[in-house]
Amino acid sequence: MRKFKDNVLNGLLWFSAFLTVAVLVTIVGYIFYKGYRLINIDFIFGDYSPSGHDGGIWPMIVTTIYTIVISLLIATPIGILAAVYLQEYAKQGKLVRVIRFATESLTGIPSIIYGLFGAVFFVTTLKLGMSIISASLTLTIIVLPVIIRTTEEALKVVPRSYREGSLALGTTKLQTLYKVILPSAMPGILSGIILSIGRIVGESAAIFLTAGTVAALPESIFSSARTLTVHSYLVTQESGDIELAAAIGIVLIVVILVLNFATTFISKKLNKADY
Amino acid sequence: MSTPPIKNQNQEVEKSNRMKYMLEKLSGRLFMLCALLSVVSLVLIIGFVFYKGFHPFVTQGYSFIDFLFGVDWVPSEDKFGIFPMIVASVFATIGALIIGVPIALFTAIFLAEIAPKSLAKIVSPAVQLLAGIPSVLYGVFGLAVIVPFLQNNLGLARGQSLLAVILVLAIMMLPTVVTVSETAIRAVPKTYREGSLALGVSKIGTIFKVVVPAAKSGIMTAVVLGMGRAIGETMAVILVAGNSLIIPSSLTDSVRPLTTNIALEMGYAAGTHQEMLFATGIVLFSFILLLNFVLAKISSKGGN
Amino acid sequence: ACGSSDTSSENSSGGSNYTLAISGSTSVGPLAEKLAAKYEEKNNINIEINQIGSSAGITNATSGVSEIGMSSRDLKEEEKATGLKEHIIAYDGIVVITHPTNKVKNLSTEEVKKIFTGEITNWKELGGEDMEIVVVSREDGSGSRDAFQEIVGYSSGELIKNAIVASGNGNIKTTVATNKHAVGFVSFEYIDESVATLNINGVQPTADNVLQQKYSLSRPFLFVNKQETLSEEGQKFIDYILSPEGQKIASDAGVIPLK
Amino acid sequence: MNLFYGEKQALYSVSLDIKEKEVTAFIGPSGCGKSTFLRTLNRMNDLIDSVKISGKVIIDNENIYESSDVIKLRTKVGMVFQKANLFPMSIYDNVAYGPRMHGIKNKKELNKIVEESLRGAAIWDEVKDRLKTSALGLSGGQQQRVCIARAIAMKPDVILMDEPTSALDPISTLKVEELIAQMKKDYTIIIVTHNMQQAARISDKTAFFLNGEVVEYSSTDKLFSVPQDKRTEDYITGRFG
Amino acid sequence: MNLFYGEKQALYSVSLDIKEKEVTAFIGPSGCGKSTFLRTLNRMNDLIDSVKISGKVIIDNENIYESSDVIKLRTKVGMVFQKANLFPMSIYDNVAYGPRMHGIKNKKELNKIVEESLRGAAIWDEVKDRLKTSALGLSGGQQQRVCIARAIAMKPDVILMDEPTSALDPISTLKVEELIAQMKKDYTIIIVTHNMQQAARISDKTAFFLNGEVVEYSSTDKLFSVPQDKRTEDYITGRFG
Ligand SMILES: Nc1ncnc2c1ncn2[C@@H]1O[C@H](COP(=O)(O)OP(=O)(O)OP(=O)(O)O)[C@@H](O)[C@H]1O
Ligand SMILES: Nc1ncnc2c1ncn2[C@@H]1O[C@H](COP(=O)(O)OP(=O)(O)OP(=O)(O)O)[C@@H](O)[C@H]1O
Ligand SMILES: [Mg+2]
Ligand SMILES: [Mg+2]
Ligand SMILES: O=P([O-])([O-])[O-]
């Protein structure tokens, strides 16, 4: 009886795992199958063309890079310093609890809400208009908790003995921080940053409502523009061109893949740094 | 020892130390400000979304109850009822959980306990990787594959349906739920397994009676996270939901969840219509906050 | 730092590289993009086109967020009251489309209304196969939808509840092209062989028929602006569109030129 | 019996003959292979991928490494670990866990087994009023005895104990030792211990391990009073280890 | 000196008078407050939020808990920890870390300090050829001596050592002990140790701690040969702890 039950359960386990893998492989496979024909140099580096299929995605790549760079430029220092505060400076108490709650809540908010917020706060109230900067600021808030969290984790595993060792030599906290603690936490912090890049690259709803959909090479960060992911959405939506959407999807998946390898690589390095 | 340069310049040292303390204080403050920024962001988000969203109810005499329970959403005729969307969101989320969670959980168990190491080493990161794929691509897949599939194989008049939403969401939450519960299961102390196996209990028996219950709180966290993803997902859903304004009575009805209502009309909306979309956001937001609260409860329980 | 570098770049180019912000209708959008692309080739200008829907475009033009708004419907009274100036840049027909396999090839305006309001729910009633009709509509706030509803004669509230709502012409076309039950409406520009077009009251949806006012489902494509915020460059672009060269581009894009 | 962790050999031709209904103690310095050997006796080492074993373990005339029924083996050979490893369930459920998983569903029967086992582990009186509360709320010594109860609920022939008292305070240790002395009449007990006094107090026979070998194996009295091997003598007189 | 961890008092009116250029040893059973007291001497306990201290510590006529200049204090009072805690940098950078942080930039001067310190810690010969390699590649004993070098690079007056040899093998321990004996002529050394032999070997004075109190404090010879307090006697003869 027990044996039978065991076998059934065992079968279910294998089946579920198979199903998961199969579904996910199908999705990635489908995107590649549908899109690979369009991938070529002209597609990647070519200019957008209003007639669709024969145009390239270079403006969207540039816009995507813009949003990544600007959001990280703002979110990374703030996030790291915030984590430093929480881990190294703050006394456990109400304030820390409030900050933690806020960070955690921010992680759970759906991006459409960020979009709504960005649209009224950055676009309208701060008069930044539909622009790369509005989108980047919205994205900053989205990735801030990611960076804070991963940095906190990285700081947590820096041995206490490093701090004591340094402070016992009569150095200040600040010196200890940037000479000893941050360097040892760096690999962890880096993987947090990479995680954030993934989040920025994959975001659509929040960008759609804050950067708009202009399909041209952005003039400046105050230009309205279209990121890769938004492009892939609009292409599906407006022209129903699945092949084109899938081709953009391939580019996105490759980017995510590269980011993932980078994370693994860095965290491997982290382990080496321990010895 | 020869005259030490450090002690030599005693006065200067003290002065430079005073500088250092100043810097310490200043930097501490700066760090705190940075940390407070996430609080500020949250307050701003809540503030603006709620301010915008409550505006019509506070100043224009719309009734919030009618908004929540009204069944008609015709912005151009000033009718704003989101009950069908609330129902759609709830059904879609529950449905996705019913399908997605068991599969994800079983997959996690498989990866953590059953799979040969070499297999798990390939599959686990692959599954994690999929958590990072932009949700739009899931939508593209749903629109191009799942919708026609349902249409052709179930003989539906429209493939855009609650069922399609559920399937897409179930797929989308797989990576999250698998990864988080796999971690939880792996964290169960080896001693539990040994204790059970030493009693002559089979491996499967051990897994289901000891290991999984011991990982309960981690698994619950995974489920709540998956649920959050399902409720909040927008761009994939908008492509497969059909966005009809009816209270779904079957899986094959086409639906409009809360998120898609916002994304669908935000671009076109102005005035009260726009504010009502913010109000939709408030309802969505409340769902998420509630979930977060539950999550916090679970994880504090798990801590003990 | 970002802000200052930007202003300096604007100054250095002496305002010659002007950015013209346009937003609005997704139906007008593709045409505007094509016009802008040609115009930018010859002029040192940068034209930003955001396809966010007619209503939003009109709002943006009113509030000054965009210099020009694009609309695929006539302005409403209250919109006109804000002092918006409108330029008809072309006309467009709205086509009722079905799956290519659908046998129904002609509908009266009345039948279209009955379909979209749910009075007729089976193709059989229209001489087609015995199968349910799946109505596909644009979203509330869309200019195409407003114009379509006004001409056919029903209101948003009357739209059959289980209609699939899709944002964007392309989305409607894909939905109809992949569903043999479906009926929807799109702008002329979007038509290709993946969908079948229906005659309305026996009249074919062609540019000629629109011009001769035989085909009723048509509306103007508008550029709207506030007089005080329209720049010289904006005015020049509008002039370009209204010129023969601009109208040629429009006609090539599949919409109906002014003459 | 030879055993390897990957490339590393942990046991070198260990060969012991263990008597029924006696207490056998394994002593030796840390890392000498006591636990490893103990775990070969119920094939607990199977759980570690890298382990390779050659040789045989014969229980009831059967080589356990030939028979494939690990479940039966582990039912017959119970085990108590160094650190009490109760499951996060109630005390009752912990003790009833084994029998339940082996198909006993009858409430009354289970009640009886649980009570008997807890009595057998000399902990019944201390926990009888809180059977339904979480087992993790008990003290270390109590938990260890519930572990023993859990093991004897399966009615095993042999009970393996790996340093069962090393995590306990002196009083709890004493209780567990008393229990072992009592249990000896029903079970064959094999116990690993670091504590030579303990081995001397409770065991009938003692095996002294060193670097993966059994240096000496004889009756406890003899081993502690007239050790045959120089190394044993050095060890028990505290000259190394 | 009283000290609390939150609600829990860890030191009860400890009062000691420590002589310059001598080695003072703190002994006592685990958890009796030796480390805690040692850490009050360079205000290392400031790092723990819950700590509350009343009383004073006077060094060079100054109560260190009144002066706010912790940096100066810690420059003057060096510390070596139980587990070598070198930073993940090169050996050179580890030793040069303190001086650099105090503003010494001159290459030559740094080189000199590093060499002197490493010589002072009796490790120069062993590492002079690999100064630029990671300090974490050294053996435990070498690391501990580099820790000492790092401490003396700051030219402190006092060096606190918290069980500096407890993680080391006998040979490394010996080397560190020899080093302490040498260093005594330049520094005031306070050392916590579990090992009474060690205390006896290297210290001039010894304080015996028990449950947060100093039971006895006198010259090492006296304390070990004619302990005044019954509890000291019990402890050093191994009757408890
Ligand atoms: N999982 C493992 N993988 C590799 N080597 C192991 C493993 N478990 C134990 N060993 C090694 O096998 C040898 C014997 O270990 P074992 O645990 O049997 O010693 P022990 O006598 O029980 O020691 P202790 O008294 O510390 O419990 C040791 O050298 C140990 O390092
Ligand atoms: N951070 C802390 N928070 C709370 N209590 C602490 C903390 N550190 C130490 N204690 C407690 O203070 C008491 C004294 O600890 P201390 O570390 O000084 O003992 P010790 O004599 O150094 O012991 P050992 O020989 O084990 O190092 C102990 O009871 C300990 O549990
Ligand atoms: Mg062991
Ligand atoms: Mg200590
Ligand atoms: O996008 P519209 O033209 O329908 O407003």
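Letters go in sequence order (proteins before strands), and every chain restarts at 1. Remember, predicted model here, so these are calculated numbers, not experimental data.
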With a 4.5 angstrom heavy-atom cut-off, which part of [X] approaches chain B: side chain, backbone, both or neither?
X        : value
A/Thr26  : both
A/Leu19  : side chain
A/Tyr89  : side chain
A/Ile248 : neither
A/Leu12  : both
A/Leu177 : side chain
A/Phe208 : side chain
A/Ile31  : side chain
A/Leu252 : side chain
A/Asn260 : side chain

Strictly by side-chain hydrogen bond (donor to acceptor under 3.5 Å, both in side chains), give each pair with a member in residues 99-113 of chain B just once, sequence neighbours left out.
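Applying side-chain hydrogen bond (donor to acceptor under 3.5 Å, both in side chains) to every pair that reaches into residues 99-113 of chain B, excluding sequence neighbours, yields A/Thr20-B/Thr107, B/Glu113-B/Arg193.
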Under a 4.5 Å cutoff for heavy-atom pairs, which residue among [options] has the most contacts with chain A?
options                                : result
B/Ala236, B/Ala144, B/Ala263, B/Gly142 : B/Ala144
B/Val145, B/Leu105, B/Val123, B/Val127 : B/Val145
B/Val43, B/Leu36, B/Leu44              : B/Leu44
B/Ile262, B/Val49, B/Ile133            : B/Ile262

Does any backbone or side-chain atom of [X] lie under 4.5 Å from a heavy atom of chain A? Answer side chain, backbone, both or neither.
X        : result
B/Val39  : both
B/Ile238 : side chain
B/Leu137 : both
B/Thr234 : side chain

Please report the closest heavy-atom contact between [X] and [Y], naming both atoms and the distance.
X        : Y        : result
B/Ala35  : A/Ala82  : CA-CB, 3.4 Å
B/Phe285 : A/Ile109 : CZ-CD1, 3.8 Å
B/Phe106 : A/Leu13  : O-CD2, 3.4 Å
B/Ile288 : A/Gly108 : CG2-O, 3.2 Å
B/Met235 : A/Ser204 : CG-OG, 3.1 Å
A/Ile256 : B/Pro134 : CG1-CD, 4.4 Å

Looking at [options], which has the largest count of heavy-atom pairs under 4.5 Å with chain B?
options                                : result
A/Ala102, A/Gly202, A/Ser16            : A/Ser16
A/Ile113, A/Ile253, A/Ile141, A/Val201 : A/Ile113
A/Ala90, A/Pro145, A/Pro110            : A/Pro110
A/Val98, A/Thr236, A/Thr172            : A/Thr172
A/Val23, A/Leu144, A/Leu24, A/Ile242   : A/Leu24
A/Ala119, A/Ala205, A/Gly198, A/Gly79  : A/Ala205

Hey, could you give me the [atom1]/[atom2] distance between [X] and [Y], rounded to the nearest 0.5 Å?
X        : Y        : atom1 : atom2 : value
A/Leu116 : B/Phe278 : CG    : CZ    : 4.5 Å
B/Phe141 : A/Lys34  : CZ    : NZ    : 12.0 Å
A/Leu174 : B/Leu23  : CG    : CG    : 6.0 Å
A/Glu203 : B/Ser135 : CD    : OG    : 7.0 Å
B/Leu284 : A/Ile112 : CG    : CD1   : 8.5 Å
B/Ser38  : A/Glu104 : OG    : CD    : 10.5 Å

Chi angles and distances behind the side-chain contact (heavy atoms from CB on, under 4.5 Å) call for B/Ser41, A/Phe117
CA-CA 10 Å; B/Ser41 307; A/Phe117 168 71; over 6 Å; no
Passes side-chain contact (heavy atoms from CB on, under 4.5 Å), B/Leu130 versus A/Val28? Steps please.
CA-CA 9 Å; B/Leu130 288 158; A/Val28 175; 3.7 Å; yes
Before you tell me yes or no, could you show the steps for A/Leu95 and B/Met32 under side-chain contact (heavy atoms from CB on, under 4.5 Å), namely the whole-Å CA-CA distance, both residues' side-chain angles and the distance that decides it to 0.1 Å?
CA-CA 10 Å; A/Leu95 183 64; B/Met32 188 168 88; 3.8 Å; yes
Could you go through the side-chain contact (heavy atoms from CB on, under 4.5 Å) check for B/Leu30 and A/Tyr85 one step at a time?
CA-CA 9 Å; B/Leu30 176 72; A/Tyr85 175 75; over 6 Å; no
Quickly, which of A/Phe122, A/Tyr114, A/Phe121 forms a ring pair (Phe, Tyr, Trp, His ring centres under 6.0 Å) with B/Phe48? Name it, please.
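For B/Phe48, the ring pair (Phe, Tyr, Trp, His ring centres under 6.0 Å) test succeeds with only one of A/Phe122, A/Tyr114, A/Phe121, which is A/Phe121.
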Is it the case that over 12 heavy atoms from other parts of the model lie below 6.0 angstrom from the OH atom of B/Tyr21?
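Yes, enclosed.
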Take atom OH of A/Tyr30 as the centre, draw a 6.0 Å sphere, and report whether it contains more than 12 heavy atoms from other residues, nucleotides or ligands.
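Buried by this count: over 12 neighbours within 6.0 Å.
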Answer yes or no: is there a side-chain heavy-atom contact under 4.5 Å between A/Leu106 and B/Ile45?
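Counting from C-beta outward, A/Leu106 and B/Ile45 do come under 4.5 Å.
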List for me each residue that meets salt bridge (Lys or Arg N to Asp or Glu O under 4.0 Å) alongside B/Arg229, sequence neighbours excluded, and say none if there are none.
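Partners of B/Arg229 by the salt bridge (Lys or Arg N to Asp or Glu O under 4.0 Å) criterion come out as none, since no residue qualifies.
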